[in-house]
Q: 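This is the structure, below, for whatever I ask next.
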Amino acid sequence: MRILVTGAGSNVGKGIVPRLRAAGHDLVLSDLELLPDAAPYAGLPFVQCDIQAGFGLEGAAQGCDVLLHLPAWHGIHSRSKTEADFWRLNVDGTFWALQAARSAGIHRLVFLSSQSWHDHYGKYGFTKQVGEELCEYHRRNHGLRYVAIRPHDFTPWGDDYLNRYGARLLYGGVDREDVLGYVEAAVEHLGPNLPGGADPEGLVVDAVRPNVYSEEQVRDWEDDPLAACERVFPGSRDLIERYAIDLRRRPSVVAGGDEGPGAAIGYKPTRHFGTFLDELRGLDAAGGPDAVHAATCPY
Ligand SMILES: NC(=O)c1ccc[n+]([C@@H]2O[C@H](COP(=O)([O-])OP(=O)(O)OC[C@H]3O[C@@H](n4cnc5c(N)ncnc54)[C@H](O)[C@@H]3O)[C@@H](O)[C@H]2O)c1
């Protein structure tokens with residue numbers, strides 16, 4: 001398929017471009033900022049445009065089958081960007097991207113929403129709520145099939161591997177590789193170039209980590225977090241103590257049913273606090289605390 005990727009320079013863009021290339025798709029990239037002429041972008045057509053201004057994308061959309069729409073101000077921008085900034089990029093930008101897709105005859109869309117959608121009337125959540133409504137508007141009126149993906153937090157963790165990456169997987173966090181897996185599965189789910197039809201599909205998918213424990217198993221967590229963690233993840237106590245991982249809060253349990261939140265698009269997330277502990281154990285065995293504390297975010 002030929003896929004137009006807006007916001008291709010984003011964190012998601014950097015990760016999904018090589019995956020989609022490897023899967024054999026043709027890509028057309030767009031962003032406000034120029035992209036480096038190096039991997040993973042080298043050799044791909046690129047259109048620079050300010051998506052919130054409402055022009056510049058129509059040409060890039062011609063001949064494409066799918067729009068993957070990524071740009072947004074989000075959680076980490078809440079302090080530096082105003083309500084108007086959020087509205088212009090997340091709402092106006094989404095509207096104009098969908099209009100460009102429409103005028104180029106694109107009938108398929110993957111839209112990056114967010115778990116912040118649940119914060120309906122927050123500065124960020126509200127724009128994601130309206131963004132999803134724009135997808136639905138275009139589905140109803142212009143035959144657009146779409147998958148809206150709602151990830152939990154996967155922002156880069158810098159050098160805080162233990163808490164910003166590891167412990168975050170017990171709370172509102174998801175591994176970035178899983179987010180990329182959901183996005184790729186959504187693109188593949190939209191499949192061959194079917195016209196939208198009278199009642200095209202509109203799907204919303206939570207891009208969250210898998211559940212590896214039940215509500216019941218973590219109910220009394222805060223009474224004795226180390227003991228509770230040891231029950232759920234046998235052999236964890238030593239590592240948690242040695243690396244002072246902060247587990248005081250009760251972990252969250254994600255919704256999604258027995259089949260998991262990605263079932264509708266055939267994706268099963270694989271990373272969670274248990275896989276982090278396995279990785280940590282390996283690092284610790286290989287290089288001890290020096291190796292663990294030297295770990296930095298690869299994206
Ligand atoms: N990062 C997270 O933890 C997280 C969590 C949930 C949902 N999301 C959603 O995932 C999507 C991607 O997030 P990310 O963290 O990869 O993004 P990012 O912050 O890394 O990148 C945003 C991109 O948008 C581009 N951009 C900014 N203004 C633009 C404009 N006017 N015109 C065109 N492009 C413009 C930037 O150049 C950049 O490449 C967003 O829609 C976000 O809401 C992210």
Side-chain angles (χ1 to χ4, degrees), residues 4-19 28-36 40-41 46-57 60-61 67-82 84-98 100 109-119 122-132 134-135 146-158 164-165 168-169 171-184 186 204-209 254 261 269 297 299:
L4 172 60
V5 184
T6 55
S10 64
N11 184 359
V12 170
K14 283 185 197 106
I16 200 68
V17 163
R19 279 180 174 240
V28 179
L29 310 181
S30 178
D31 204 291
L32 178 65
E33 308 288 346
L34 288 174
L35 300 177
Y41 305 116
F46 173 72
V47 175
Q48 185 176 25
C49 83
D50 178 349
I51 211 162
Q52 61 196 7
F55 52 83
L57 209 58
L67 168 63
L68 170 56
H69 182 62
L70 305 175
W73 302 129
H74 48 93
I76 55 170
H77 306 109
S78 285
R79 291 165 73 99
S80 59
K81 299 291 172 189
T82 65
D85 293 329
F86 269 77
W87 186 267
R88 285 191 194 108
L89 183 56
N90 300 9
V91 177
D92 292 347
T94 299
F95 176 76
W96 291 120
L98 298 194
L109 164 74
V110 176
F111 171 67
L112 263 287
S113 183
S114 168
Q115 286 296 304
S116 299
W117 178 90
H118 294 285
D119 181 21
K123 184 163 86 177
Y124 173 36
F126 186 58
T127 64
K128 286 300 184 188
Q129 185 190 342
V130 179
E132 288 190 14
L134 285 170
C135 299
Y146 72 86
V147 181
I149 302 282
R150 290 180 185 161
H152 258 314
D153 181 17
F154 59 92
T155 45
W157 43 267
R164 185 76 186 117
Y165 174 68
R168 181 169 57 162
L169 293 172
Y171 306 106
V174 57
D175 187 285
R176 174 180 179 262
E177 284 305 311
D178 274 328
V179 173
L180 299 177
Y182 280 103
V183 173
E184 187 176 355
V204 177
V205 174
D206 289 321
V208 293
R209 61 173 160 73
V254 296
C297 184
Y299 53 89

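When reading the values below, keep in mind they use all heavy atoms of this one structure, side chains included, and skip hydrogens, waters and symmetry mates. Start at 1 with the first residue, then count along the sequence. First listed ligand is number 1; within each ligand, the first listed atom is number 1.
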Q: If the cut-off is 4.0 Å to any non-hydrogen atom of Thr155, which atoms of ligand 1 fall inside it?
A: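 Contacts of ligand 1 toward Thr155, numbered from 1: 1 (N), 2 (C), 3 (O).
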
Q: To the nearest 0.1 Å, how far is atom 34 (N) of ligand 1 from its closest protein heavy atom, and which atom is that?
A: Leu32 N, 3.4 Å

Q: Quick one: does Tyr182's side chain have a donor or acceptor within less than 3.5 Å of a partner on Val208's backbone?
A: yes

Q: Just which atoms of ligand 1 are under 4.0 Å from any heavy atom in Asp50?
A: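 It comes down to these atoms of ligand 1: 30 (C), 31 (N), 32 (N).
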
Q: Quick check: does any side chain N or O of Arg176 sit under 3.5 Å from a backbone N or O of Asn11, one acting as donor and the other as acceptor?
A: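 The answer is yes, because a donor-acceptor pair under 3.5 Å joins these two groups.
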
Q: Looking only at heavy atoms, what is the nearest atom pair of Ala97 and Leu57, with distance?
A: CA-CD2, 3.9 Å

Q: In the protein, which heavy atom is nearest to atom 2 (C) of ligand 1, and how far is it?
A: Phe154 CE2, 3.3 Å

Q: Please give me the minimum heavy-atom distance between Asp175 and Leu169, naming the atom from each residue.
A: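 Scanning both residues, the minimum pair turns out to be N-CD2, 3.7 Å.
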
Q: Looking at atom 12 (C) of ligand 1, what's its closest protein heavy atom, distance included?
A: Leu70 O, 3.5 Å

Q: Side chain or backbone, does Lys128 bring an N or O within less than 3.5 Å of an N or O on ligand 1?
A: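 Right, the criterion is met.
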
Q: Nearest protein heavy-atom contact for atom 37 (O) of ligand 1: which residue, which atom, what distance?
A: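 For atom 37 (O) of ligand 1, the nearest protein heavy atom comes out as Asp31 OD1, 2.5 Å.
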
Q: Counting from 1, what ligand 1 atoms have a heavy atom of Asp153 closer than 4.0 Å?
A: 3 (O)

Q: Counting only nitrogen or oxygen atoms and a 3.5 angstrom limit, does Ile51 reach ligand 1?
A: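 Looking only at distances, the answer is yes, because the N/O contact criterion of under 3.5 Å is met.
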
Q: Test salt bridge (charged side-chain N to carboxylate O under 4.0 Å, His left out) on Asp85 and Lys123; report intermediate values, then the result.
A: CA-CA 10 Å; Asp85 293 329; Lys123 184 163 86 177; over 6 Å; no

Q: Say whether, by atom type as modelled, one donor and one acceptor occur between the side chain of Tyr41 and the main chain of Ala8 under 3.5 angstrom.
A: yes

Q: Measure from atom 9 (C) of ligand 1 to every heavy atom in Ser113, Gly172, Gly13 and give the option owning the shortest one.
A: Ser113

Q: Is His77 near ligand 1, meaning one of its heavy atoms is under 4.0 Å from it?
A: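 Yes, His77 has heavy atoms under 4.0 Å from ligand 1.
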
Q: Donor-acceptor check, side chain of Gln115 to backbone of His152, threshold 3.5 angstrom: yes or no?
A: no

Q: Between Lys128 and Ser114, what is the shortest heavy-atom contact and its length?
A: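 That would be CG-CB, 4.1 Å.
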
Q: For Gln52, take its heavy atoms, then give the atoms of ligand 1 lying under 4.0 Å from any of them.
A: 31 (N)

Q: Between Arg168 and Gly173, is there a donor-acceptor pair closer than 3.5 Å when you use the side chain of the first and the backbone of the second?
A: no

Q: Looking only at non-hydrogen atoms, find the nearest pair between Ala100 and Ala61 and report the distance.
A: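 Distance-wise, the nearest heavy atoms are O-CB, 3.9 Å.
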
Q: Of the choices His74, Gln48, Lys14, which has the non-hydrogen atom that lies closest to atom 1 (N) of ligand 1?
A: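 Checking each option, the heavy atom nearest atom 1 (N) of ligand 1 is found in His74.
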
Q: For atom 16 (O) of ligand 1, grab the closest protein heavy atom and report residue, atom and distance to one decimal in Å.
A: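 Checking every protein heavy atom, the shortest distance to atom 16 (O) of ligand 1 gives Val12 N, 2.8 Å.
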
Q: Need the ligand 1 atom indices (1-based, order shown) with element for anything under 4.0 Å from a heavy-atom of Leu112.
A: 10 (O), 11 (C), 41 (O)

Q: Of all the atoms in ligand 1, which lie at a distance below 4.0 Å from a heavy atom belonging to Leu89?
A: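 Within the 4.0 Å cut-off of Leu89, ligand 1 contributes 27 (C), 28 (N), 29 (C), 30 (C), 31 (N).
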
Q: When you look for heavy atoms under 4.0 Å from ligand 1, do you find them on the side chain of Ile76, its backbone, both, or neither?
A: neither

Q: Tell me the protein heavy atom at minimum distance from atom 6 (C) of ligand 1, and give that distance in Å.
A: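 For atom 6 (C) of ligand 1, the nearest protein heavy atom is Pro151 O, 3.3 Å.
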
Q: Check whether Ser10 reaches the backbone of Gly13 with its side chain - one donor and one acceptor, N or O, closer than 3.5 Å.
A: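 Yes: the side chain of Ser10 pairs with the backbone of Gly13.
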
Q: Does the Gln129 side chain pair with the main chain of Trp117, one donor and one acceptor, at a distance under 3.5 Å?
A: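 A pair under 3.5 Å: no.
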
Q: Where is the tightest heavy-atom contact between Ser30 and Val47, given as atom of each residue plus distance?
A: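 Minimum heavy-atom contact is OG-O, 2.9 Å.
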
Q: Give me the nearest non-hydrogen protein atom to atom 23 (C) of ligand 1 as residue plus atom name, then the distance to 0.1 Å.
A: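 For this ligand atom, the closest protein heavy atom is Ser10 CB, 3.7 Å.
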
Q: Is it the case that His69 and Thr94 place a side-chain donor and acceptor less than 3.5 Å from each other?
A: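 Note: His69 and Thr94 side chains meet the donor-acceptor criterion.
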
Q: Identify, by atom number and element, the atoms of ligand 1 in contact range of Gly9, meaning under 4.0 Å from any of its heavy atoms.
A: 39 (O)

Q: The test is side-chain contact (heavy atoms from CB on, under 4.5 Å); show your working for Trp87 and Val130 and say whether it passes.
A: CA-CA 9 Å; Trp87 186 267; Val130 179; 4.2 Å; yes

Q: Do any N/O atoms on Asn11 end up under 3.5 angstrom from N/O atoms on ligand 1?
A: yes

Q: If you have a sec, work out which protein heavy atom is nearest atom 42 (C) of ligand 1 and how many Å separate them, to one decimal?
A: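 Looking only at protein heavy atoms, the one closest to atom 42 (C) of ligand 1 is Tyr124 OH, 3.6 Å.
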
Q: Under 3.5 Å between any N/O of Glu33 and any N/O of ligand 1: does that happen in this structure?
A: no

Q: Quick one: which ligand 1 atoms are inside 4.0 Å of a heavy atom on Cys49?
A: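 Every atom of ligand 1 under 4.0 Å from some heavy atom of Cys49: 32 (N), 33 (C).
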
Q: Please confirm whether His152 comes within less than 3.5 Å of ligand 1 when only nitrogen or oxygen atoms on both sides are compared.
A: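 Such a contact does not occur with ligand 1.
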
